[in-house]
Visitor: 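Have a look at this one before I ask anything.
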Protein chains: 2
Amino acid sequence: MAEIEKNTCCDDGHTHMAADVVQRFPKEETLYNLAELFKVFGDATRIKILYALFESEMCVCDIACLLGMTQSAISHQLRVLKQSRLVKFRREGKSVIYSLADSHVSTMLGQGMEHIQE
Amino acid sequence: MAEIEKNTCCDDGHTHMAADVVQRFPKEETLYNLAELFKVFGDATRIKILYALFESEMCVCDIACLLGMTQSAISHQLRVLKQSRLVKFRREGKSVIYSLADSHVSTMLGQGMEHIQE
DNA sequence: TAAACATATGAACAAATGCTCATATGTTTA
DNA sequence: TAAACATATGAGCATTTGTTCATATGTTTA
């Protein structure tokens with residue numbers, strides 16, 4: 001974030017920005033983490049996985065089958081979803097059953113859906 | 001999306017998936033568009049721009065100054081935000097003033113924030 | 001315990017992405 | 001109208017990303 005005590009970019013001193021905008025601006029790290037979270041949603045495969053799990057919990061194999069993709073590709077993406085704590089999982093015999101981690105996930109999917117359907 | 005009348009991936013016939021999951025699965029195009037939308041949120045620079053505009057409408061120059069980035073970089077990103085209809089703009093003299101397009105944007109930012117702060 | 005099954009993961013590669021630099025377009029002012 | 005200012009954009013480049021392929025890890029069953 002930059003220092004803007006003195007306008008050096010718009011050096012004629014004009015600015016449409018209120019003075020306190022800079023103060024209450026979130027921390028660099030917070031915004032970076034927020035972007036990283038959205039990035040996880042920003043892939044068609046991962047969105048499909050999340051939507052599938054929204055309908056019903058499933059094992060890796062079932063997801064791969066439903067989406068018509070390889071087990072490896074799905075597993076790699078589930079890893080990303082796990083790291084962002086968007087999905088949780090439990091082992092059940094040979095299978096690992098995945099499901100959505102919390103309600104934020106479906107809320108975000110819902111808000112996104114609303115936006116694109118206007 | 002794949003056909004799963006007969007389980008060929010989990011060929012022992014096991015599946016934890018309810019039969020109607022496939023039917024009510026959203027269209028390929030819809031999920032692709034949804035992912036594209038989230039992708040726009042999935043970049044730190046664009047998130048910063050959106051957050052800045054959440055605080056106050058601003059011209060390109062002000063955003064660049066606030067974020068400590070070049071005018072060109074900001075302008076390129078505003079183009080992306082425009083295309084996704086996340087920001088709107090009006091010309092005012094030499095400047096172009098940008099602002100958030102609608103309430104979905106702040107709602108999505110808010111939900112994301114909630115998730116990362118747990 | 002060996003074989004079969006289910007999932008995870010590392011390396012490699014092609015495609016997508018974000019920034020910089022140079023320059024074009026559009027607006028105001030001297 | 002020329003110069004200054006504000007913004008937009010194309011090309012190039014380095015980085016990131018998603019998939020595939022091969023293989024490792026973990027679990028069940030014969």
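All figures in this text were calculated on a predicted structure; none of them were measured in a lab. Protein chains get the first letters and strands the later ones, always in sequence-line order, with residue 1 at the start of each.
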Visitor: With a 3.5 Å cut-off and heavy atoms only, can you find an N or O donor on one side and an acceptor on the other between the side chain of S72(B) and the base of dC19(C)?
Guide: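 Side chain to base: no pair present.
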
Visitor: Within the 4.0 Å limit for protein heavy atoms, which parts of nucleotides 24-30 of chain C are touched? Write it as a string from 5' to 3', B for base, S for sugar-phosphate only, - for none.
Guide: ---BS--

Visitor: Using a 5.5 Å cut-off between ring centres and planes within 30 degrees, is H76(A) stacked on the base of dT19(D)?
Guide: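 Whether judged by distance or by angle, H76(A) falls short somewhere, so it does not stack on the base of dT19(D).
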
Visitor: Are OP1 or OP2 of dA6(C) and a side-chain N or O of S95(A) less than 4.0 angstrom apart?
Guide: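 For dA6(C), OP1/OP2 do not have a side-chain N/O of S95(A) under 4.0 Å.
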
Visitor: Figure out the CD/P separation between Q71(A) and dA8(C), and round it to whole Å.
Guide: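 Distance check: Q71(A) CD to dA8(C) P gives 7 Å.
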
Visitor: Has R79(A) got a side-chain atom pairing as donor or acceptor with K82(A)'s backbone, closer than 3.5 angstrom?
Guide: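 Such a contact is absent between R79(A) side chain and K82(A) backbone.
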
Visitor: Where is the tightest heavy-atom contact between A35(B) and D43(A), given as atom of each residue plus distance?
Guide: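 Closest approach of A35(B) to D43(A), heavy atoms only: CB-C, 3.5 Å.
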
Visitor: Kindly give the heavy-atom pair with the smallest separation between G112(A) and L34(B), and that separation in Å.
Guide: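 Looking at all heavy atoms of both residues, the closest pair is C-CD1, 3.4 Å.
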
Visitor: Between C1' on dG18(C) and CD1 on I49(B), what's the gap in Å once rounded to a whole number?
Guide: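 After rounding, the gap between these two atoms is 12 Å.
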
Visitor: Contact class for F89(B) vs. all strands (heavy atom < 4.0 Å): base, sugar-phosphate, or nothing?
Guide: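 Touches nothing.
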
Visitor: Between S75(A) and dT7(C), does any side-chain N or O lie under 4.0 Å from OP1 or OP2?
Guide: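 Checking S75(A) against dT7(C): no side-chain N or O falls below 4.0 Å of OP1 or OP2.
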
Visitor: Check whether any side-chain nitrogen or oxygen of Y98(B) sits under 4.0 Å from OP1 or OP2 of dA6(D), and answer yes or no.
Guide: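 No, Y98(B) has no side-chain N/O under 4.0 Å of OP1/OP2 on dA6(D).
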
Visitor: May I ask you to establish whether K39(B) and F38(A) are in a cation-pi arrangement, using a distance under 6.0 Å from NZ or CZ to the six-membered ring centre and at most 45° from the ring axis?
Guide: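 The answer is no; the distance or angle limit is not met.
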
Visitor: What are the two closest heavy atoms between S106(B) and F54(B), and how far apart are they?
Guide: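 Heavy-atom minimum between the residues: CB-CE1, 3.5 Å.
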
Visitor: Return no unless some side-chain N or O of T45(A) is found under 4.0 Å from OP1 or OP2 of dT19(D).
Guide: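 True: T45(A) side-chain N/O within range (under 4.0 Å) of dT19(D) OP1/OP2.
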
Visitor: Which dot-bracket string fits DNA chain D when only Watson-Crick or G-U wobble pairs with both atom distances under 3.5 Å count, crossing pairs get [ ], and | stands for a partner on a different strand?
Guide: ||||||||||||||||||||||||||||||

Visitor: Which whole-number value in Å describes the distance from R79(B) CZ to dA11(D) C1'?
Guide: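 About 13 Å, once rounded to whole Å.
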
Visitor: Between P on dC21(D) and CD1 on I74(A), what's the gap in Å once rounded to a whole number?
Guide: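 Interatomic distance, CD1 of I74(A) to P of dC21(D): 15 Å.
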
Visitor: Would you say that more than 12 heavy atoms from the other residues, nucleotides or ligands in this model lie under 6.0 Å from the CD of Q117(B), or not?
Guide: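 Atom CD in Q117(B) is crowded, with more than 12 foreign heavy atoms closer than 6.0 Å.
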
Visitor: Would F41(B) and R46(B) satisfy side-chain contact (heavy atoms from CB on, under 4.5 Å), going step by step from the backbone distance to the final call?
Guide: CA-CA 6 Å; F41(B) 283 89; R46(B) 287 191 294 265; over 6 Å; no

Visitor: Please give me every residue in residues 33-44 of chain B whose heavy atoms get under 4.0 Å of an atom in DNA chain D, ordered by residue number.
Guide: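 When residues 33-44 of chain B is checked for heavy atoms under 4.0 Å from DNA chain D, there are no hits whatsoever.
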
Visitor: Roughly how far, to the nearest 0.5 Å, is OG1 of T107(A) from CD of Q111(B)?
Guide: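 Answer for the CD-OG1 pair, Q111(B) versus T107(A), is 4.5 Å.
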
Visitor: Could you tell me whether a side-chain N or O of R90(A) sits under 3.5 Å from a main-chain N or O of E92(A), the two making a donor and an acceptor?
Guide: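 Judged by distance alone, no pair lies under 3.5 Å.
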
Visitor: If you look at every heavy atom in C59(B) and S95(B), which pair is closest and at what distance?
Guide: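 Taking every non-hydrogen atom into account, CB-CB, 3.9 Å.
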
Visitor: Would you kindly give the CG-to-P distance between D62(B) and dC5(D), to the nearest whole Å?
Guide: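 Roughly 16 Å, once rounded to whole Å.
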
Visitor: Whether the side chain of H115(B) engages the backbone of D102(A) through a donor-acceptor N/O pair (distance < 3.5 Å, no angle test) should be reported.
Guide: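 Absent.
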
Visitor: Applying a strict under-4.5 Å side-chain criterion to I, L, V, M, F, W and Y, I'd like to know whether L67(B) and Y32(A) cluster together.
Guide: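 No; Y32(A) is not reachable from L67(B) via cluster members.
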
Visitor: Choosing from dG18(C), dT7(C), dT7(D), which nucleotide comes nearest the side chain of V96(A)?
Guide: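 From the listed options, dT7(C) comes nearest.
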
Visitor: Let me know the distance between CD1 of I63(A) and P of dT19(D), rounded to the nearest Å.
Guide: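 Computing the I63(A):CD1 to dT19(D):P distance gives 13 Å.
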
Visitor: Write down the distance between CE (M69(A)) and C1' (dG18(D)), rounded to a whole number of angstrom.
Guide: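 Rounded to whole Å, this separation is 8 Å.
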
Visitor: To the nearest angstrom, how far is R90(B) atom CZ from dT7(D) atom P?
Guide: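 R90(B) atom CZ is separated from dT7(D) atom P by 12 Å.
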
Visitor: Of K82(B) and Q77(A), whose nearest nucleotide on DNA chain D comes first from the 5' end?
Guide: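 Going by which nucleotide is closer to the 5' end, it is K82(B).
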
